[in-house]
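Notes follow the structure.
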Protein chains: 2
Amino acid sequence: MSNSIPIVSPDPSSAYASLSVEELRNRCSACSMHELCLPMGLDEADMNRLDQIIGRRRKVVRDSTLYRVGDPFTNLYAIRLGHFKTYQINPDGDQQITGFQMAGELLGMDAISTDRHHCNAVALEDSEVCEIPFARLENLFSDMPTLLRHFHRMMSQEITREQSVMLLLGNMRAEQRFAAFLVNLSSRYAARGYSSTSFQLRMSREEIGNYLGLTIESISRLLSKFKKRGLLKVSNRELEIVDLPIVKALAAGTETCS
Amino acid sequence: MSNSIPIVSPDPSSAYASLSVEELRNRCSACSMHELCLPMGLDEADMNRLDQIIGRRRKVVRDSTLYRVGDPFTNLYAIRLGHFKTYQINPDGDQQITGFQMAGELLGMDAISTDRHHCNAVALEDSEVCEIPFARLENLFSDMPTLLRHFHRMMSQEITREQSVMLLLGNMRAEQRFAAFLVNLSSRYAARGYSSTSFQLRMSREEIGNYLGLTIESISRLLSKFKKRGLLKVSNRELEIVDLPIVKALAAGTETCS
DNA sequence: CGGGCGTTTGAGGAGACTCAAACGTCGTGG
DNA sequence: CCACGACGTTTGAGTCTCCTCAAACGCCCG
């Protein structure tokens, strides 16, 4: 709320005349994520058209579920603020976290194939999402090629992201997995203009372990080891990467932490 | 060649007049995969339009590379015949197979995000692909909503598929992983009209192991164990699933193979 | 201050890996 | 047609990584 996000553009365009302050603040053009999120690269006019189909901006309180496996698919969700986890449940009941998502990322793309959600999405902290009715989005595609193209890029990016997790789970040792996880967070925060070396972990040790195919104890031991080697400073969920190059080398597998 | 695929439709449509027999045989409408592949659900007219942009049908001999990491992205490839593997190479040199693809599946979707391929694709046997120039495909999207929708479904399906591999790699034991792998192959062959219980493994033990995050020795031992338990009959790459329900139960984790 | 919960640390064990050797299959060439 | 070699696979023995189980710690909140 106290952030210095410009609420109205200096240009008093007539298109804005009938909008309330609330509505203006919610617009894509006013959102700090619009260069990462779905409207990336759109001109003013196109961004307005996208704005008009977006259902509502919705708060999602911590630990609450945005959607569940089996829910009918009607909306994609763009994260405006906050963090989420998505996870699958396998037949014998336990969960596998398939991703941690942050502002500017899109949730729900896996549901397009069957019109039902394939995973659960839960807020890791109090968050806000933009509801994007997929049917209306599809209507825009036919005459907004830039939007369509960027949408394809985002889906493709999700495929790529999952492939690197497969690489991680398939042939990295615990130490390397954890380092890769840290480097990944680091670069995503950097892309959002935050510090690449100092941030808060939004997820518990247990969730990290689950995501990386390791136990909570292993994560804890890895944190201690990295801390002892002077690579990290950790206090609860507050994390500082002291030696990012080494952590990157660990992630790349060109270095081992004895 | 000796298969009884109808080369011309009984209706002598004039649209076909100028096409050679070769060209006719190559058309989507003549392809046995058209109900699984990109043209799924298209009417005759739309399928023709799609046909017209498809570059060429191309043979890919066993062990040869369709594309490599870093190659500029210009085409998607629909597999017309045969099998492929896609794999990533990590910084320290070893590979992680991210998928095995068969006829009717689409290769290259991970390249859309950056206009460069993110993985290598290699034919597991002599194969044939349809080259789909992506730029031309994009041109079709604006007035072929059915095509666009199915394309989105295929991308989404790929996301879903990878999520289940993450589940597999992240929290299944070796036995369960291998059972899940077999069940997956089984159902994909079934969808193509082949036997769900008797097929040939197109990939080596080593490749299976790599894909499942296990060693070749582990795969070999699992095969022996399943064989001894009477679940499978195996002879080299020829495989028969004798007790599919149990294998499914193993994959689901509701059963253990002692 | 006390309870609860998430985390840390330790000890022991199991599953999968590594290393090594034997085996079988297939293709080649004599 | 058979012998040979190469390569992929199987099987065994020993090891290591990470898991399991257990207990203590410490932070947060009432």
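Worth saying up front: this structure is predicted, and the values here are computed from it rather than measured. Just so you know, these numbers use all the heavy atoms, side chains as well, and skip hydrogens, waters and symmetry mates. Chain letters run A, B, ... following the sequence lines, proteins first, then strands; residues in each count from 1.
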>> Expressed as a whole number of angstroms, how long is the span from B/Arg173:CZ to C/dA14:C1'?
In response: 8 Å

>> Going by salt bridge (Lys or Arg N to Asp or Glu O under 4.0 Å), A/Glu125 matches just one of A/Arg202, A/Lys59, A/Arg62. Which one?
In response: A/Arg202

>> Measure CZ/B/Arg237 against C1'/C/dG24 and give the value in whole Å, please.
In response: 15 Å

> When the aromatic ring centroids of A/Phe178 and A/Phe226 are compared, is their separation below 6.0 Å?
Replying inline: yes

>> Between P on C/dG15 and CD on B/Gln176, what's the gap in Å once rounded to a whole number?
In response: 14 Å

> In whole Å, what is the span from the CD atom of B/Glu217 to the P atom of C/dG15?
Replying inline: 18 Å

> Can you say whether the rings of B/His83 and B/Tyr189 are parallel (under 30°), tilted (30 to 60°) or perpendicular (over 60°)?
Replying inline: tilted

> Reckon B/Thr215 has a side-chain N or O less than 4.0 Å from the OP1 or OP2 of C/dT18?
Replying inline: no

>> Tell me whether A/Glu162 is salt-bridged to B/Arg161, with the criterion being a basic N under 4.0 Å from an acidic carboxylate O.
In response: no

> Whole-Å distance between D/dG8 C1' and B/Leu223 CG?
Replying inline: 13 Å

> Reckon A/Gly209 touches a base, only the sugar-phosphate, or nothing at all at heavy-atom distances under 4.0 Å?
Replying inline: nothing

> What is the distance, rounded to the nearest whole Å, between atom NZ of B/Lys227 and atom P of D/dT9?
Replying inline: 12 Å

>> Please confirm whether the shortest side-chain N or O distance from A/Ser220 to OP1 or OP2 of C/dT9 is below 4.0 Å.
In response: no

> For the pair made of CD in A/Glu207 and P in C/dG6, what is the distance, rounded to whole Å?
Replying inline: 10 Å

> Measuring from B/His117:NE2 to B/Thr65:OG1, what's the distance to the nearest 0.5 Å?
Replying inline: 12.0 Å

> D/dC19 P sits how many Å from A/Ile219 CD1, rounded?
Replying inline: 8 Å

>> I want to confirm an ordering. Mapping B/Glu175 and A/Arg221 to their closest nucleotides on DNA chain C, which one lands closer to the 5' end?
In response: A/Arg221

> C/dT7, C/dA16, D/dC18: which one has an atom nearest the side-chain heavy atoms of B/Leu214?
Replying inline: C/dA16

> Quick one: what's the B/S/- string for nucleotides 23-30 of chain D, heavy-atom cutoff under 4.0 Å, read 5' to 3'?
Replying inline: ----SS--

> Do the ring centers of B/Tyr194 and B/Phe199 come within less than 6.0 Å of each other?
Replying inline: no

> Does A/Ser218 put a side-chain nitrogen or oxygen below 4.0 Å from OP1 or OP2 of D/dT17?
Replying inline: no

>> I need the single residue from A/Asn90, A/Ile89, A/Asn120 that forms a side chain to side chain contact (heavy atoms under 4.5 Å, CB included) with A/Gln95. Which is it?
In response: A/Ile89

